[in-house]
Amino acid sequence: MWSLKPYKSPPSICPGCREENPGFEEYIPTGIHILGKGACSGCGLEYYYNWPIGHGAHFPVSFDGNGIANYPPEAKQWFAIPLIDTIKKGREVACKIKRTVRKEFSEGLLLNCLDPCYGHVLWKLFNASFYRDITAPSGLIVLIPENFRWLVPDYAAEIWSVEAGLPDLNFKISSLPNFIKEACRSYGSLKLLPVDTHIDHTALDLQQFLPEAPFKLENFYRLPLCITVVWREDRFWLRSLSESWLSLVAAKYQVSWIRNWLLYRQRSKMIGVMSQIRKQIPGVLFKLTGLGTSGSFPDFVDDLRSARPDVDRERAWCQCYSKSHLIIGVHGSNMLIPTALSAGFIELLPKQKISFLSEDILMRHPPRFQTFLGRHLDIFAPTKLVARHAISILKDFKYLYHNTLAAP
Ligand SMILES: [Zn+2]
């Protein structure tokens, strides 16, 4: 385990001559990364490298900030370039870091969950479960964005919460190096926990993180039938390839009228699905969650959306998901918590996300039920097809459930 106190830094490969160098003495905690900095013993090049923690364990990046760099090509756009640019262009963000001590301990184990991607923060946080049973003198410290603090399990001894929005976590947090130096004085040791970014969630007890228990399948026909649609305004349920291009233009050039038009189209598709389901199953309850409040929905929809992240609202959403037979939403980490708690889901997925098919889903049923209750449809899926899947899940699960569980 790499450690800040006593200091133990990992080796690295020079991006210039490929010499392996032992750990450097200087380190820079940027936020997502711990960077080492030093001069190559082979060629003398002064360079930075990321410590092998979290995604850094799979994607080693080393660079000098003047054009010499080495990283796996698959990590270029989303991981290596943002890191190199942060250092090269001196991108920093000033924000408060709050330290909450729940239990006293002398040997700190630091779990760094900082990441600009919502889903990555959650997956990193799930690593806490490996340290559920540690006791004094060791204590778990969770470093996390403030908006995720409510998900930190109660056995964490200490929380360091960073009051920054997720996009800001692409940059260096200017107050973090001094904060860590100061906090280090409290402990005899401070070690950095490895962070697995692809945990097997089926082995996790998610209730240590979430305030509600997941939907119990034996209650499928005991609870009032309920469908929750997850709304988002930065990504759309689309009708065609041309709309897909328009959504890219709207995002890149901040064209608000295109975005508003796509939101209008998305809303009308969602209302279309709900109306078709209501014709077949009149008593279904409809709820709407997610960030963004544009447009209105018919009276039969319980609109729980929020303009901005809000902990009380997120807890209320969890209650709603745990009583939902079905979640419908476009692809993304916005589907993680809903699918951890609901009975089933329909995710609308574009072709470019086929390689990451399971990434947004935390649902855990026996394989046969999982296949029936979890549906991935194309992002261009027409309303009739989505409604047909939803109606089938609500009506036909009874047959599958009872036949699967019936004694011979
Ligand atoms: Zn070198």
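We count ligands from 1, going down the list as the structure has it; atoms in each ligand are counted the same way.
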Worked check of side chain to side chain contact (heavy atoms under 4.5 Å, CB included) between H365 and L217: CA-CA 9 Å; H365 296 315; L217 291 186; 3.6 Å; yes
Pair N21, Y47: side-chain N/O donor-acceptor within cut-off below 3.5 Å: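 Per modelled atom types, N21 and Y47 side chains form a pair under 3.5 Å.
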Student check: side-chain heavy atoms of I141 and I159 closer than 4.5 Å: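 No, side chains not in contact.
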Check: F126 ring centroid to F209 ring centroid under 6.0 Å: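 For F126 and F209, the ring centres are under 6.0 Å apart.
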Centroid separation F286 to F297 less than 6.0 Å: no
Near the Zn ion (ligand 1) (cut-off under 2.8 Å), count of protein N, O or S atoms: 4
Partner of Y401 by ring pair (Phe, Tyr, Trp, His ring centres under 6.0 Å), out of F369, F220, F372: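 Exactly one pass, corresponding to F369.
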